[in-house]
Structure formats: structure tokens, C-alpha cells
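Below is one structure; the comments refer to it alone.
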Amino acid sequence: MSGWLLAVVVAVAAVTAGYLLGRLHAGHRLGDDADHARGELSRRLNELFSLQELSYALSQSLEIDRIADQVVRYVSRFIESDGCVVALATEGEPRLRVAAAQGSLSRLAGVEVSDHEGGLVAAAMGGEHLEVAEADGQRRPRLLAGVDVGRAIAAPLRAHGATVGAVAVVSEAPGAFTQEDLRLLSTVAMHAAITLANARLVDLIRQGKEQWETTFHALGDGLAVIDQRGCIRRANPALARLLRKPLTDIIGKNLTGELLDRSIELVALFDSVRSGVARGPLTRRFDSIDRVLRVSASQLRGDVIEGWVVALIEDVTEQKSMEAQLIQTEKMAAVGQLVSGVAHELNNPLTSIVGLSEFLLEQTATPERDRDHLKVIHEQAERAAQIVRNLLTFARKGPADVGAVDLNDVVRRAAALIGYELKLRQIEFEVQLADALPPIRGDRYQIQQVVLNLVTNGVQAVSDNPPDRPRIVRVTTSAVNDRTILRVTDSGPGIPENLMPEIFTPFFTTKDPGKGTGLGLSITFGIVEGHNGTITVERGLDGGAAFVVSLPVTAPPSQPAPAPHQQVPAATPKPRAAARERVMLIVDEDPAVRRMIGTLFSEDRHRVEAARNAAHAVELLDDRTYDLIFADPRAAVGPGETLADLLCSRQPELKPRIVFMTADVRPETDDWLRGLGCRYLRKPFNLRELREAATDILDRHEQAGALS
């Protein structure tokens, strides 16, 4: 029994005993009074022991409804009444709930009513004293909504400064409820209120604990309570899943010593938190579980848990991967812009090299001994132009020029290009080609770039070999089912296992600054993937590296694809002689381009005039009429106005005579030129394309009678 209840019992017993002893002392004067006193003493002692019995009963349970039921049973037992109820306030709502009821009020058990319908019960809860009411003529007091009674007493259940409910008894008998009943009900209410308040507090604690437990276990991130020795005292299932162990196997284990890598940084984080120094989260890869984790820690305070910390452990592997991809995307966007600018600058000189070398190959007067050199110049200029296009394709994922490709022929030509250099560097270069290798479907220049990139990578790998180690690069081809296999092997030091996942990542390089960009293998990977192929790396001969490219084969074409050197004829047929001399205008800021086009069409007996810039072109166009205009569309006439906009808007009659020549590689330039409705060529172009465009325009206007 609690101390306050013992005090109440003793006080009640003392008062009652004193009162009854006084009555007994006077019993010699009146015998009936003595008998009455003895009966009163017996009743009071019975109440006293029953109150003690109630205290024990209430202390046996912390269930609110069971406590309420014990209260109505006790009150109904010792106070003569027709019915009894215990109504409790609903947490957070202006409502009352009848938790227990007996007698004539038993039907109210479980009923809920709003505060303003609470009648006498609500009035008692709103005050600190008993509320007594009885019928006055035809007017009957209201106990609760819809419940009117003859006489009622309601006592508030108030404890710790808060009202938790009320207990009420009712009777229809006149003169019911004595002062002793009021006193007893008040005493019971006081005792019951404290018990109910404690039960409600325990219930709140239980609910809070359940909510905390539910939250703790429902967290998707790992959570651990770690003691001063670094051992896990408590953990949630998410942490167990992250550590790939049963939950029972990680409790009591040292987080940094047994479950994760022995991380000095993680131990330092926990020590700093224990000493009260705020630290940001630690993010690092843990090799023991092959994941990237972000660990945050906070100090737990208390004498019993001194030195304990709570750690939040998040798996950020995918997040870091996405961040790396985002950074890579931004890098590639920057590379795309850089490549676009470089391509624009390269395409002008390449146009001149391709055009003039092809022009010289057409000339019958060119000595045969020079013709082979010119073929190499032309072919390598075309290759350089294709490399620029490949870089643009890699940067913006553009389409490739796909056709049937003889992989053996590509390897032979690549070997011819770099064989002399390897001989000078004293690197042994072996080529083993399979017989009757089926053709693959792809872009010849991109496949050639794959071969050159892989061979160059092998050359760089063996260049630093010690004198006693052979320096060999080997290229082999083979066919397996419906795949053609290219294998490039070197005798270099090989690739460390920890770097294997990174070698195809753009900008990743193990070379010293200035010796590698980290783009070679990533471009190779992109080209192979774009051809629906695969590229893998394995252990090579003598511990070196072996890159294996697998590409799908295609059905052989009806006519074999010509070799690259056959694509440049010794002499390209010239267009038929024109009926009269045609006057052409060339507008390009690159003098080499102007010279190349002027040389070509002057040879065809046309008169060619050149404009240094857009402003000069406008002056020439104001003075005379031209049969054909070759122009750079981006040439600036003035602020915000290009030559293409001026010609197409101010002189639309010129549009059928214009061929725009652009070195701009941006996709939006294609859209813009198509919208203008003029013919255009992309630099670098060959003479055939240039002549075809000129012949088509001149013939069309001659047939239509548009040209005089």
C-alpha cells in the first residue's frame, strides 16, 4: 500500500475510533447509543479494511478499464445506490468515455459522449469537489446525455493537477446518500484518480516505447547503439541486412573491429562524439561488405550509458554512383562542347587537305611516284575527319555510318599505319588473322579506331618493360558461332585487380599528368557498345593484359566493300562542259577553303570570285548576279545577323543558287539549315559532293531557263 493511502487509512481510523470511543464512553447513560456505537464502529472498520482491500486490488493492475471496473464494484458494494459509473476523459479530444458501469447504469458501459453532453459527470470533472444533485419536482438532474436520475453524486478523479475522469452513483430512493457516503466516495475517488493517472502514464510510456521500437525497426537505414568499448548493444534489422548477418550475430560485436574494416576514421568519429565534439558524417567504402557507407553519430547522455553513442549507418553506394555518373555527365557535356569547338576548327583545314589532295589525284599530269603519297595524304585526312566525327558521336551519342566491314582488312591497314613506329620503338608486333572471317556490321573508321586504340594501349603498357622482359603486342582475329572476335594482347605488367572496374571509365588513367587523357578506352567501350558488341579485359601472355572484343557478324554483301584506298579513284569524271562560262561566288573566311574551291571550278572553266567575309559578299552581290554561291552560313554580317539570314530573308530569289558550307557540328545547326530550305554541305566534304551539288543547281536552272 502506498504511503499516502496508509496516512489516509490511519487518519480515518483515528477519527472513527475517537468518535466511536466517545460514544462508548457515554454508553453508561444510554444503552441504545452504546449498541449503535458498537454497530457504527463495526461498519467503519469494515469500510476501512475494504478500502485496504480496494488499494490492493487496484495495485494489481495497470489496465485502465480494469481499474475502473474495480472502482464501480467497490462503490456499489459500500454505498447503497441503484447504479454507478466511471467516466474517463478521452486523450486529446473533448469527449467522455464510460469505462465501467453497474446496476441501472450498466447499459452505459463503453458509451462516448461529448463534453457538453456530460451533464453532472462533466460538471464534476470541471471542478475539484463533489457534485450533488436531486430531483426538484418534475425536473430531474441529468447525469449524462439521455440519462436523467432522481438523485446523484459525482466526484472528480483528479491527480497530479489534472482531471482524468469522474465517478458517479445514482439512486431513486428519497433521502439517499449520507454524509458518510459522500466522504467514502471522495476517498475512493482520490485513490482511484492516482491509480488511473499512473496507469495512464504507464500506458503513454508503453505506447511511446512501442512507437519507438516500431520506428527503430522500420528504419531503412542501419541504426546501432554502441557502448564505450565500441560494441553494439542494440541494432535494427536494417543494419543486420547491411552487414549481411543475422541480427543476433551482431549484438555484442565490435563494429569497427569485427563487423566492418578496422577504420581509424570511424573510431575517431566515435571518440570525438563521446568527448562532445561535433563531427560531420564519415563517408567511405568498406571492403568487408563492398559498400559505401555514410556514418553519423550522436552522444547518448546518462550515468548508466556514459560513453555510449548512437550511430546512423546509411548505404550510399548507389547514391555515390549516381553522383559520379552526374559528374561524369557534366564532364562529358564539357567534353562535347570542347570537341564541338575543336571539330569546327579542324574541319576547315581538313576540307582543304581532302579537296586539294583529291584534285591532284585527278590530274593526269601528276607523276605516278607522287600519286601514292597523295593517296596516303587523302586517306589520312579522311581518317582524321572520321575521328572527329567519332568523337562527336561519343560525346553526343550520334549514329554511326554502318555497313559491312572486313575486320581482317581493318587490322591489316591499322598494322600498316603503326608498324613502322613500333619497329622504331623496338616493340614486336604480331598479327594472326583467321581465314574466311565473316564480315561484321559496323562503321569501318570506328572499328579501325578501336583497333588503333587497343594497340596503342598495349604499346604504352610494354614501353616501360625492363630489359629482360619481352615487349610484344599481338592482334588476333577469330570467329565463334555468330560472333567475330578481336583479341589484343600485350606483355606489359598487367592491370591490378582493384583497377579492373575503372579502366573503361572516362578520364580514368594511371598515367602521369600529360601522358594520357583517360578517354581512349572509354571511347573504345562506347564504340563497341554502339555496335552491339562487348569488350572485356583478361590476363594476357606473361601476365600482361588481353582486351577481347566480340562483335556480331552480318551476311556478306552481294559485292565486297572496297578497301579504303579504292574509294579514291585515280581520276574522277568531270561534269560536261557548260554551254557558257558560269560565275560563282565563294564566301569563306578560310583562305585555304577559298583556294581549294576556286582551283577546282576554275579548272572546270568557271569564273570564280571570292569574298573575304560576309560584308564583302554583300557588296559583291549588290553589284552583280552570280550563277552559284558557296557560302559559310554563320559568317556574320553585323551584330546578331548571319549571312544565311540576310540572303534568305532579303533576297529569297537567291536561295535555289546557294550551297552553304558549314564546319559547325552542333545538331541545332542542321535543324537551322534545313529550316532555311537551302542545300548545304558539312565540312570536310570531297570533290564529288561539291561537284554534284554545283552540277545539280546549274543544270536545273539551265533547263528551267532561269539562267541567261
Side-chain angles (χ1 to χ4, degrees), residues 1 5 8 43 46-91 95-113 117-125 129-134 141-159 163-173 176-178 180-200 202-203:
M1 183 182 296
L5 181 56
V8 170
R43 190 170 73 86
N46 189 35
E47 290 177 2
L48 183 62
F49 288 119
S50 297
L51 186 61
Q52 183 181 15
E53 179 185 346
L54 174 63
S55 68
Y56 281 123
L58 295 180
S59 65
Q60 295 303 307
S61 175
L62 288 175
E63 295 181 14
I64 293 177
D65 287 354
R66 185 172 178 181
I67 293 171
D69 187 64
Q70 292 286 354
V71 171
V72 296
R73 288 178 182 274
Y74 180 86
V75 172
S76 299
R77 176 179 172 186
F78 290 99
I79 298 178
E80 294 184 5
S81 62
D82 296 332
C84 178
V85 295
V86 171
L88 301 177
T90 303
E91 192 73 27
R95 300 181 64 80
L96 304 176
R97 180 178 68 87
V98 178
Q102 278 199 351
S104 62
L105 303 178
S106 59
R107 70 183 187 282
L108 299 178
V111 171
E112 290 190 10
V113 297
E117 298 176 324
L120 190 65
V121 171
M125 291 177 62
H129 306 287
L130 292 174
E131 292 287 338
V132 181
E134 58 182 333
R142 173 151 294 183
L143 182 70
L144 289 168
V147 181
D148 296 336
V149 296
R151 183 174 174 82
I153 309 173
L157 299 174
R158 186 173 179 82
T163 302
V164 297
V167 56
V169 291
V170 300
S171 177
E172 295 296 328
F177 308 135
T178 64
E180 287 77 6
D181 294 333
L182 300 180
R183 175 186 52 75
L184 181 60
L185 184 63
S186 179
T187 302
V188 171
M190 181 173 58
H191 187 190
I194 293 178
T195 306
L196 286 168
N198 291 341
R200 178 165 289 182
V202 170
D203 191 54

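- In terms of the salt bridge (Lys or Arg N to Asp or Glu O under 4.0 Å) criterion, residue partners of D69 (sequence neighbours excluded) are, by chain and number, R73.
- The two residues I79 and D181 have their closest heavy-atom pair at CD1-O, 3.6 Å.
- Qualifying salt bridge (Lys or Arg N to Asp or Glu O under 4.0 Å) partners for R95, counting only residues two or more places apart in sequence or in other chains: E112.
- Legend: residues meeting side-chain hydrogen bond (donor to acceptor under 3.5 Å, both in side chains) with R142, ordered by chain and number and at least two apart, are D148.
- The side-chain contact (heavy atoms from CB on, under 4.5 Å) test applied to S76 returns C84, Q102, not counting sequence neighbours.
- Side chain of T187 to backbone of R183: a donor-acceptor contact under 3.5 angstrom is found.
- E134 meets the side-chain contact (heavy atoms from CB on, under 4.5 Å) test with R151; sequence neighbours excluded.
- A search for salt bridge (Lys or Arg N to Asp or Glu O under 4.0 Å) contacts involving E80 returns nothing, not counting sequence neighbours.
- Each of V98, L105, L120 was evaluated against L144; a single residue qualifies, V98, per the side chain to side chain contact (heavy atoms under 4.5 Å, CB included) test.
- Sorted by first then second residue, the salt bridge (charged side-chain N to carboxylate O under 4.0 Å, His left out) pairs that include residues 96-106, not counting sequence neighbours, are D65-R97.
- Checked against side-chain contact (heavy atoms from CB on, under 4.5 Å), A168 has the following partners two or more places apart in sequence or in another chain: V85, V121, L143, A154.
- Residues that satisfy the side-chain contact (heavy atoms from CB on, under 4.5 Å) test with S106, not counting sequence neighbours, are absent from this structure.
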